[in-house]
Amino acid sequence: MQHFFRKSAPAESPDAARPRRHRRKRYGVLTSGLASIAAVAGLATALSPGANAAENPYERGPVPTTASIEAARGPYAVSQATVSSFSVTGFGGGTIYYPTSTADGTFGAIAISPGYTARQSSIAWLGPRLASQGFVVFTIDTLTTSDQPASRGRQLLAALDYLTERSSVRGRVDATRLGVMGHSMGGGGTLEAAKSRPSLQAAIPLTGWNMDKTWPEIQTPTLVVGADGDSIASVTSHSEPFYRSLPSSLDKAYLELNNATHFTPNRSNTTIAKYSIAWLKRFIDNDIRYEKFLCPLPQPSLAIEEYRGNCPHTS
């Protein structure tokens, strides 16, 4: 099967080009000398590992590598806290995973919803995996397992509000750097949440399902993840229309998993984790060190059926 991909372009490739279906003198001398020293010192600072951290106060963790973002655990030790459904309103409780250390200050946060008939256990693997990379992660239960996408979107936002305003770890969270994720109807809920709250920094629907196929109102950088073998929310009727309907000016991407099903996001998956981490770091933390994993566009592989997007990112 032949594929066509653009390595770097200011905008995404046209859909028509896609395969198959689918960036005083002594004083003067002394002053000049000091200026030269300062310039050298400034250059040394710019070349030092901590230079970007000084420019970007939200940068967290060591310089990333392919091995580090594909690892089952990142550089942060993780703790967790259970949130009872009886102690919250607007959603069904859940589990908060967070970096144990407070040495790096606050962290961005993500709320994650399960899919239809499922509970948080179905997406629990994402909690410690993402948290260990430097995020506070809230995997939630919904009010009922049959809640539809619009309801799940509202519940994701209620969970973020609880996390930032009333949770035991609210002091660890930067309330201006938030994102949402979800599987199946939770993925559809992810789009609903991003539409309702444009201030969100990142959204990742995983094999998402929603009767609404068009999302031109979304202003949140969005990574749409589909599966080539999905027979429940097929990419032709869900993920691909979602992606195509997002504004062309938006930082967006479409990752189609190879040899995968609707339920692939319910199990630990390196490809999902790798690109989710890169997307969340790039847009929630504005950490441009992770741009290299997203641009140039990833190529087809045993794990990737197709990847589309706009590069370089501008957010």
Side-chain contact test, heavy atoms from C-beta onward, threshold under 4.5 Å: evaluate it for [X] versus [Y] and give yes or no.
X	Y	answer
Ile96	Ser167	yes
Arg244	Lys213	no
Met181	Leu130	yes
Trp215	Asn210	yes
Val83	Ser87	yes

Problem - Sole residue of Asp287, Asp104, Ile288 in side chain to side chain contact (heavy atoms under 4.5 Å, CB included) with Glu59 - result: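 Only match with Glu59 under side chain to side chain contact (heavy atoms under 4.5 Å, CB included): Asp287.
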
Return the minimal non-hydrogen interatomic distance between [X] and [Y], and the atom names on each side.
X	Y	result
Leu178	Asp174	CD2-O, 3.8 Å
Asp251	His313	OD1-CA, 3.3 Å
Val173	Thr106	C-CB, 4.0 Å
Thr139	Ile123	CB-CD1, 3.6 Å
Pro298	Phe293	CG-O, 3.8 Å
Lys281	Arg60	NZ-O, 3.3 Å

For the atom pair [atom1] ([X]) and [atom2] ([Y]), what is the distance rounded to the nearest 0.5 Å?
X	Y	atom1	atom2	value
Arg282	Lys292	CZ	NZ	14.0 Å
Thr207	Asn266	OG1	CG	7.5 Å
Glu291	Arg289	CD	CZ	13.5 Å
Thr270	Arg129	OG1	CZ	4.5 Å
Ile204	Phe283	CD1	CZ	10.0 Å
Leu280	Gln133	CG	CD	10.5 Å

Donor-acceptor contact present, side-chain [X] to main-chain [Y], <3.5 Å:
X	Y	result
Asn310	Leu250	yes
Ser239	Val235	no
Asp230	Ala260	no
Ser68	Pro64	no
Ser196	Ala193	no
Asn286	Asn56	no
Ser122	Arg119	yes
Glu240	Ser234	no
Gln299	Leu297	yes
Lys274	Thr66	no

*Between Trp125 and Arg267, is a side-chain contact (heavy atoms from CB on, under 4.5 Å) present by the stated rule, with each step listed?*
CA-CA 7 Å; Trp125 71 273; Arg267 297 177 295 275; 5.6 Å; no

With respect to Phe107, which candidate in Tyr76, Phe135, Phe138 satisfies the ring-ring contact (aromatic ring centres under 6.0 Å, His included) definition?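 Filter result, single survivor: Tyr76.
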
Margin query: If only side-chain N and O atoms count, and only distance matters, is there a donor-acceptor pair under 3.5 Å linking Ser151 with Gln155?
Written below: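 Side chains of Gln155 and Ser151: pair found under 3.5 Å.
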
Review point. Between the side chains of Thr95 and Gln120, does any donor sit under 3.5 Å from an acceptor?
Key: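 Indeed, the side chains of Thr95 and Gln120 share at least one donor-acceptor pair under 3.5 Å.
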
- request: Starting from the C-alpha separation in whole Å, work towards a yes-or-no answer on side-chain contact (heavy atoms from CB on, under 4.5 Å) for Glu165 and Arg170.
  value: CA-CA 6 Å; Glu165 297 169 6; Arg170 61 188 180 278; 5.8 Å; no

request  = Under the side-chain contact (heavy atoms from CB on, under 4.5 Å) rule, what do Thr190 and Thr222 come out as? Steps first, then yes or no, please.
outcome  = CA-CA 10 Å; Thr190 295; Thr222 301; over 6 Å; no

Checklist line | Cationic N near anionic O, under 4.0 Å, Asp285 to Arg177 | finding: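 Yes, charged N to carboxylate O under 4.0 Å.
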
**Report entry** Presence of salt bridge, Arg152 and Asp147, under 4.0 angstrom
**Finding:**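 Salt bridge between Asp147 and Arg152, a charged N being under 4.0 Å from a carboxylate O: no.
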
Does [X] share a hydrophobic cluster with [Y], counting links as ILVMFWY side-chain heavy atoms below 4.5 Å and allowing steps through other members?
X	Y	value
Phe242	Tyr116	no
Tyr162	Val136	yes
Ile112	Val88	no
Tyr290	Ile304	yes
Leu126	Val137	yes

Could you give me the CA-CA distance, side-chain angles and deciding distance for His262 and His183, then say whether side-chain contact (heavy atoms from CB on, under 4.5 Å) is met?
CA-CA 9 Å; His262 184 69; His183 172 240; 4.1 Å; yes

Suppose we screen for ring-ring contact (aromatic ring centres under 6.0 Å, His included). Which residues come up paired with Trp209, at least two apart in sequence or across chains?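 Partners of Trp209 by the ring-ring contact (aromatic ring centres under 6.0 Å, His included) criterion, ordered by chain and then number, come out as His238.
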
Co-members of Phe86 in a cluster of I, L, V, M, F, W and Y side chains, linked at under 4.5 Å: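 Its cluster partners, ordered by chain and number, are none at all.
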
